[in-house]
Structures are given as structure tokens and as C-alpha cells.
> 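Got a structure for you, questions after.
Residue numbers begin at 1 in each chain, while the letters A, B, ... track the order of the sequences. Values in this document were obtained by computation on a predicted structure and should not be read as measured data.
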Amino acid sequence: MYRNLEQMAIKALKKTINKLGYEEPSEIKLEQPPNPELGDLASAVSFQLAKQLKRSPMEIAAEIVNEIKLSELFEKVELKGPYINFYVNYNKFSRMVLKSIKTDYGQFKPNNTKIIVEHTSANPNGPLHIGHIRNSIIGDSISRILGFAGYEVETQYYVNDMGRQIAMVVWGFLNLDFEMDKSEKIDHEIGKLYFQVNEKLRADPELKNEIDSLLKQYEYGNEGKLEKSFENAVNQCLEGVKYTLKKINVSHDTYVWESKFVKDGSVASILQTLKEKNVTKTNEVLYLPLEDYGIEKELVLTRSDGTSLYSTRDLAYHVYKSKNCDELIDVLGSDHKLAIDQLSIALDILDSRSPEVIFYEFITLPEGSMSTRRGVFISVDEMVEEAVQRAFGQLEIKRPDLTEEEKIDIAKKVGIGAIRYFIAKLSPEKHIVFKWDEALSFERGCASIQYAHARSCKLLKKCGYDESKSIAESEIEILDHPTEIDLIKTLSKFTSVIEESARLRRVHLLAQYALDLAGAFNKFYKSVQVKGSNKEVSRLLLVDRTRITIRNALYLLGIDAPNSM
RNA sequence: GGGCCCGUAGUCUAGUCUGGAUAAGACGUGGGACUUCGGAUCCCAAGAUCGGGGGUUCAAAUCCCCCCGGGUCCGCCA
């Protein structure tokens, strides 16, 4: 809705510039004035015109302000030096905003575009650790946002069941006498097994041959028994992973096993196509030279024993995805940048679409990077438990009136919220050094957003607010307290934020917005009386619209909005 | 060595794509606000030569070049 205002202002500016007979600059942008006294929107278009007209910006701005005609949603336009400042008519605008927010606020009409988002795709050789979680949270949130923005979204988890890592786990199952501890989560047990095999391999490098042979048999052989071993190992681990993901409100529509592309012949057919196009070369291995594309490193397509590599299968996977959607997005750690460049060239040769990639930087521990192989990591399960426990501790202090079950329920929502928010609020290109207290803060973070929501629920209930009762736009009283105006303005920006977040594929814009919105609400709540005031009806409407908007914003971040906390 | 990313108050960040007015938040620190709807809240204060240096521009945290510091990639791993 705020967008409408901006467009109206731009239109008015353009019209005026044309009327004055000046050449319209290619792009007219608006900005936020540095403080509210200078209005709601500002234009520095006079600078652009100054160059063209060889006259002073102030003079030109004055001319425009004299001539400009505005819609009634604007109260006035003022000249401040070279700047043209627009003041919104909040009497009219507020009513419009309050009236138009419904329970699905922020949801766009379908745009008939199917988009596949691949995220998480962690190897099933151990539990998810807090390094993986950035992928899941960004991927899940952007999927939700794109869905809201009108896309038909399918989320996919690419299951690596053919890699050497998995062969190592299978080898461990077959050769080590490893006792699974049934009381532990299965993915954690597999992680321990994987660690042990790595230790063995370090002690005896010859083992590599045995593992390679397993890999070869799995890829070539139709030996049902071995196939079952791989499937079992992967499935078991994946169950643990799915369970963890579910705890943090992440799920996938489809799980695609990479072996599918070997079995159905698409890997072979892609290799064939590349050979026919005469772009591959062979020494001990089949490879795709990439110097001509500015990449030193060639893309190896098959091992010397003929088996396929991850990249080859990934190539087939991307061709497959490409055929099944209009746009595709991968969420990947930035360490995959070179690999994706290589892949994209190969896809281009195959006349297939390259993925758009959301890259994120690593999360490391203060003492260094995490590694499943070395068994050095903080698992997501561990983090969730810690988060929920801390939230529970807070509830014991703040809400002794609640039952144990209620406290547990809320602690989960608050704890998970803290985790998701911690990741979602940061730009993905920022490297994170993990510290518990930063990750699980309950002040001015997600908890304060959830708190604003719970507060609004409570207040509506206390005032006996009836959601189904509609009131006419003309009945809405003028809400002109600065905190009311600010809150309404913030509410009206929600759709723009979703649009921008979806377009730029940047989740943190929305996370930032949610905090701003909660802040605007908390300030309003502190300084304006609702219950029993002479504007109770209208203010309750404002509280309800805020409640809806916070809830929807949190939903898009995969965070629950408790009614009480 | 080459490629990519990051560097903004003591700490963590937003703003960089698309240049625009006094660089915006949070944590921490110091003060303050409950006879009105929930204090996981709100208000006030101190704290920044936007890593350094050049350049482009009427205007640079933002664009270009060089340098410094940190991360990461450069596997017949995934």
C-alpha cells in the first residue's frame, strides 16, 4: 500500500516535469527523509534536472513544487532546499490501510510461475549441525516468501546416496561391529559410525580401495543386497534429519535421490550428449575443459574406474529440475561458487537453465570450523534443546501461573523462534562466529516480536473485540498520535517488503521489518491507551491489523506466534 | 599465487544492488518510567575519522583503482 503512495508521488513528479517542458530523467526515485518533520517521501530529482538545464537545483525544485498537483492522499508538498518533500494525509491513508488489511494480508495473487527451491540437501552421514541450519532456514523462509509473493513453490532436498561419504557409512555397517545405541537419535549414531570409519581410514589409507569398490558395485552392479544397504543407511539417517528439520518448522515437498539419475540413464545420456557435442576430452578420465570460459579448472565427469562424480549427477539433476519449473533456486554455501560456475557452463552447453543461487557464508565455532568427519560440531538437536530450555527458564520466572504443558509449548515456540530469527536477520554473505548468547537472545530479538503479538491478542480479548464485526471506513476515527501514524505507516509497508524480499531473494529484509513492526507496536502500546479510550473501536482495529501483520510476517520466517507468553 | 565474499561505536548488525539531507538499530554501559490495557516493554544519555589511501561526482558507507586484515574455493570429495 505504501507502494501506491510512492507511485502516485512519482507520477505527479513526472507529470509536472513534462508540463514544465523538461526532459524526464530516465528514473525518478524517492527516498526517506531523514526525519519525520521533513515529510514521508522525498525527491532529489532537482539535481538530475539541474545538470540538463544548467540551472540551480533549488530553483528547479521550487518550480516543480509550485506546479505539482497531488492526489488527496497527500496533505501537502514542501520545498526544502533542493529537496521536494511529500506529506501524506494520514486521515485518509490510515482509514484505507486499516480497512484493507485482512487475514491474508501480504499474500499476492498467483503469478503462474513455478519455482523449485532446493535447500539443505545435507549428506546423510550424520546429524544436521548448526552450519547446515543456515541453509535450511534461508531456504525455508525464502520459499515461504516466494509462495506469498505469488509463486508456485516446490521445495526439494537432494539426497546424496551415492557419494564416498555414504559408501563409508555402508562400509562401516558391513565391516565394523558397531553397536547402535537405540536410545540415541539414529542420525547421531550414524554420525558416530562415520567418524569411526574416518579414523580407520586415517590409520589405514588402503581402505579407500574397499570403499571405492563398494561405490563401483553400487553404481554398476544390480546386486540387490548392497543396494538395500545403501538405501537403509541413507533412509535411517534421513529420518533423523527430517525429524530435526520438523522441530525448526522446516519441511520439503520432494526428496530427490541422486542415484535416480544413474539408474534412469540420464547421467549416461548427458555424457553422451556432451561427447557428441565434441566438448569433452579424455585422459585417464572424461572431463570438460573450461579455459575458454575463463575457468582454469576443468570439470571432471567420470572417475578413471568409470563411475560418476557428484558434479555429473548434479548436472543431471539440474537438467531434470529445469524441465519441471519456470525458475530454479539453489541455496548453497559460498564454498560451492566455483562448482556452480562450472556446472552452469555445462548446463549452458546442454541448453538447460542454470540455477539462480542464494549463497551464504559459513557459521564457525570460535575455535574453528565444524566437521562431521572429525566429529567436531554443535548439532541442531543440541541447539534446539538449549534454546527451548533457556526459554523455559524465562517462563518459569515470568509466568509461574502457567501449567507445565503450557510452558513447554511456549518455550518451544520462543526457543525455535530465537534460532530461526538469529539466522534470518543476518545478510547471508556475513560470516558468523557462533556464540550461544548471541544466537539465543530473548531481548529485542524474536521474543520481542512474539511478545508484541501475544500482547495484541491479550488486549483484543480483554476488550471483547469481535473480529467478524465490520466497521465502515467512514466510522474509523482519526488516529493521529505520532505512534499511531508510525504504526500505520509501518503496517502499510508490509507488501512492499514481501515484494522486495522475494525479488532480491533476501530473507533478512523481512526479518528486519518484523522487528520494526513490533517496535512500532510496543511504542504505540506504551503511549496510547486503547481500552476505555474515546477511540477504542478504531484503536482495536489497529491492534487487530497489527496482530495479523506480525503473525503473517512471523509465519514467513517459519516462526510461531503464540497468543500468550 | 589466482578467484569470490566480508571489514560500519566496546560487541553484533542494517544501510552498499539503485550515490542524495544530521550514518539507523540492538547488545553492553550509565540514568529514568508501574494508583491506566502484560516490564520478554518504553524513554533519555554517552559511544563511529563507515579498515587505509587515491579517484569519479554538485554529492560517496554506497561507484572505480590500489593496499591491509579476516573467511573461503582452486580434489578422480560432496
> What is the distance, to the nearest angstrom, from the NZ atom on A:Lys458 to the C1' atom on B:rG39?
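To the nearest whole Å, that distance equals 14 Å.
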> Rounding to a whole Å, what distance do you find between A:His453:NE2 and B:rU41:C1'?
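Roughly 17 Å, once rounded to whole Å.
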> Using a heavy-atom cut-off of under 4.0 Å over every strand shown, decide if A:Leu504 touches base, sugar-phosphate, or nothing.
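Touches a base.
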> Write down the partner of B:rA26 under the Watson-Crick or G-U wobble criteria, each distance required to be under 3.5 Å.
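Its partner is B:rU11 (Watson-Crick or G-U wobble, both distances under 3.5 Å).
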> Heavy atoms only, 4.0 Å cut-off, all strands: where does A:Leu395 land among base, sugar-phosphate and nothing?
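It contacts base atoms.
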> Counting just side-chain N and O atoms, does A:His336 come under 4.0 Å of either OP1 or OP2 of B:rU72?
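For B:rU72, neither OP1 nor OP2 has a side-chain N or O of A:His336 closer than 4.0 Å.
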> How long is the gap from CE on A:Met565 to SG on A:Cys457, to the nearest 0.5 Å?
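Reported value, rounded in 0.5 Å steps: 11.5 Å.
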> Just the rounded figure in Å: distance from P of B:rC58 to CD1 of A:Ile60.
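Rounded to the whole Å, the gap is 14 Å.
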> Starting at CE of A:Met370 and ending at C1' of B:rG71, how long is that distance when rounded to a whole Å?
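Interatomic distance, CE of A:Met370 to C1' of B:rG71: 14 Å.
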> For the pair A:Asp486 and A:Lys489, find out whether any cationic side-chain nitrogen is under 4.0 Å from an anionic carboxylate oxygen.
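Here A:Asp486 does not pair with A:Lys489 in a salt bridge, since their nearest N and O are not under 4.0 Å apart.
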> Could you tell me whether the phosphate oxygens of B:rG19, OP1 or OP2, come under 4.0 Å of any side-chain nitrogen or oxygen in A:Lys29?
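Looking at the OP1 and OP2 atoms of B:rG19, one of them is under 4.0 Å from a side-chain N or O of A:Lys29.
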> Sort out the partner of B:rC4 for me: Watson-Crick or G-U wobble, both distances under 3.5 Å, none otherwise.
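For B:rC4, the partner nucleotide comes out as B:rG71, under the 3.5 Å rule.
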> Could you state the CZ-P distance from A:Phe359 to B:rC6, rounded to the nearest angstrom?
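It works out to 13 Å between those atoms.
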> Could you say whether A:Arg455 or A:Gly519 is positioned toward the 5' end of RNA chain B, judged by the nucleotide with the nearest heavy atom to each?
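Going by which nucleotide is closer to the 5' end, it is A:Arg455.
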> Say you pick atom C1' in B:rG47 and the same atom in B:rC12; how far apart are they, in whole Å?
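Each nucleotide's C1' atom is 15 Å from the other's.
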> What's touching nucleotides 75-77 of chain B from the protein side, N or O pairs under 3.5 Å?
residue: B:rG75; atom: OP2; partner: A:Lys297; partner atom: NZ; Å: 2.6
residue: B:rC76; atom: O2; partner: A:Ser304; partner atom: N; Å: 2.9
residue: B:rC76; atom: O2; partner: A:Ser304; partner atom: OG; Å: 3.1
residue: B:rC76; atom: N3; partner: A:Ser304; partner atom: OG; Å: 2.9
residue: B:rC76; atom: N4; partner: A:Glu284; partner atom: OE1; Å: 2.9
residue: B:rC77; atom: OP1; partner: A:Arg164; partner atom: NH1; Å: 3.2
residue: B:rC77; atom: OP2; partner: A:Arg164; partner atom: NH1; Å: 2.7
residue: B:rC77; atom: OP2; partner: A:Arg164; partner atom: NH2; Å: 3.4
residue: B:rC77; atom: OP2; partner: A:Arg303; partner atom: NE; Å: 2.9
residue: B:rC77; atom: OP2; partner: A:Arg303; partner atom: NH2; Å: 3.2
residue: B:rC77; atom: O2'; partner: A:Gln165; partner atom: OE1; Å: 3.4

> Take atom CD1 of A:Ile28 and atom P of B:rG20, then tell me their distance rounded to the nearest Å.
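The answer, rounded to whole Å, is 16 Å.
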> Centroid distance below 5.5 Å plus an interplanar angle below 30 degrees: do A:Phe442 and B:rA40 meet both conditions?
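Stacking is absent between B:rA40 and A:Phe442, given that the ring centres and planes do not meet under 5.5 Å and under 30°.
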> Nearest heavy atom decides the nucleotide; on that basis, is A:Ala447 or A:Gly532 closer to the 5' end of RNA chain B?
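Its nearest nucleotide lies further toward 5', so the answer is A:Gly532.
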> Inspect the contact between A:Glu63 and A:Arg55 and indicate whether a charged nitrogen and a carboxylate oxygen are less than 4.0 angstrom apart.
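Yes, A:Arg55 and A:Glu63 are salt-bridged.
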> What's the closest nucleotide to the A:Lys526 side chain, out of B:rC37, B:rC42, B:rC58?
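The answer is B:rC42.
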> Is it true that A:Arg506 and A:Glu429 have a side-chain N and a carboxylate O under 4.0 angstrom from each other?
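Yes.
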> Counting side-chain heavy atoms from CB outward, which of B:rC74, B:rA40, B:rU72 is closest to A:Phe362?
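So the nucleotide nearest the side chain must be B:rU72.
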> For atom P, what is the distance between B:rA33 and B:rG51, given to the nearest Å?
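Those two atoms are separated by 39 Å.
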> Between P on B:rU72 and NE2 on A:His431, what's the gap in Å once rounded to a whole number?
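Value for this atom pair: 7 Å.
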> Quote, to the nearest angstrom, the C1' distance that separates B:rA40 from B:rA26.
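Looking at atom C1' only, B:rA40 and B:rA26 are 14 Å apart.
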> What interatomic distance, in whole Å, is found between C1' of B:rC76 and the corresponding atom of B:rU11?
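The answer is 46 Å between these two C1' atoms.
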> Let me have a per-nucleotide readout for nucleotides 21-32 of chain B, 5' to 3', with B, S or -, counting only protein heavy atoms under 4.0 Å.
BB---SS-----
> So what does A:Arg390 hit on the nucleic acid, given a heavy-atom distance under 4.0 Å: a base, only sugar-phosphate, or nothing?
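It contacts nothing in the nucleic acid.
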> Remember a base hit wins even if backbone is also touched, and classify A:Arg539 as base, sugar-phosphate or nothing at under 4.0 Å, heavy atoms.
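No contact.
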> Establish, yes or no, whether the cationic atom of A:Lys260 lies under 6.0 Å from the six-membered ring centre of A:Tyr320 and within 45° of the ring axis.
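Ring-cation test returns yes.
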> For a quick check of understanding: with a heavy-atom distance under 4.0 Å over all strands, which category does A:Val433 fall into, base, sugar-phosphate or nothing?
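No contact.
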> Please check the phosphate of B:rG38 (OP1 and OP2 only) for any side-chain N or O of A:Tyr525 closer than 4.0 Å.
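Yes, A:Tyr525 has a side-chain N/O under 4.0 Å of OP1/OP2 on B:rG38.
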> Which atom pair, heavy atoms only, marks the closest approach of A:Gln342 to A:Lys297?
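For A:Gln342 and A:Lys297, the tightest heavy-atom pair comes out as NE2-O, 3.0 Å.
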> Pick the C1' atom in B:rU56 and in B:rA14, then give their distance to the nearest Å.
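Comparing C1' positions in B:rU56 and B:rA14 gives a spacing of 27 Å.
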> In Å and rounded to the nearest 0.5 Å, what is the CD to CD distance from A:Gln394 to A:Glu443?
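Answer for the CD-CD pair, A:Gln394 versus A:Glu443, is 7.5 Å.
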> Run the salt bridge (Lys or Arg N to Asp or Glu O under 4.0 Å) test against A:Arg455 and tell me which residues pass, sequence neighbours left out.
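Checked A:Arg455 against salt bridge (Lys or Arg N to Asp or Glu O under 4.0 Å); zero matches.
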> When you measure from the side chain of A:Leu459, which nucleotide among B:rC37, B:rG15, B:rA40 comes out closest?
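Of B:rC37, B:rG15, B:rA40, B:rC37 is nearest to the side chain of A:Leu459.
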> Could you tell me which non-hydrogen atom of A:Pro428 sits nearest to which non-hydrogen atom of A:Arg134, and how far apart they are?
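Distance-wise, the nearest heavy atoms are O-NH2, 3.4 Å.
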> I need the minimum non-hydrogen distance between A:Phe47 and A:Pro82, along with the two atoms involved.
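Where A:Phe47 meets A:Pro82 most closely, the heavy atoms are CZ-CG, 3.7 Å.
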> For the residue pair A:Ile60 and A:Ser46, what are the closest heavy atoms and their distance?
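Scanning both residues completely, I find the closest heavy atoms to be CD1-O, 4.2 Å.
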> Can you tell which of B:rG20, B:rC4, B:rG71 lies closest to the side chain of A:Lys337?
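Nucleotide nearest to A:Lys337's side chain: B:rC4.
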> Between A:Ser427 and B:rG15, is there a contact of a side-chain N or O with OP1 or OP2 at under 4.0 Å?
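True: A:Ser427 side-chain N/O within range (under 4.0 Å) of B:rG15 OP1/OP2.
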> What pair of heavy atoms forms the shortest contact from A:Phe434 to A:Met383, and how long is it?
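Result for this residue pair: CE1-CE, 3.5 Å.
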> Quote, to the nearest angstrom, the P distance that separates B:rC64 from B:rG19.
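Taking atom P in both B:rC64 and B:rG19, they lie 12 Å apart.
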> For B:rC34 and B:rC43, measure between their C1' atoms and round to the nearest Å.
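Each nucleotide's C1' atom is 14 Å from the other's.
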> Rounded to the nearest angstrom, tell me the gap between atom CD1 in A:Ile340 and atom P in B:rC74.
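Distance, rounded to whole Å: 14 Å.
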> Suppose you measure atom C1' in B:rU72 against the same atom in B:rC17; what distance do you get, rounded to whole Å?
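The answer is 22 Å between these two C1' atoms.
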> Just call it for A:Glu429: base, sugar-phosphate, or nothing, with non-hydrogen atoms closer than 4.0 Å on any strand.
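Sugar-phosphate only.
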> Nearest heavy-atom pair of A:Met162 and A:Leu215: which atoms, and what distance?
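The answer is O-CD1, 3.1 Å.
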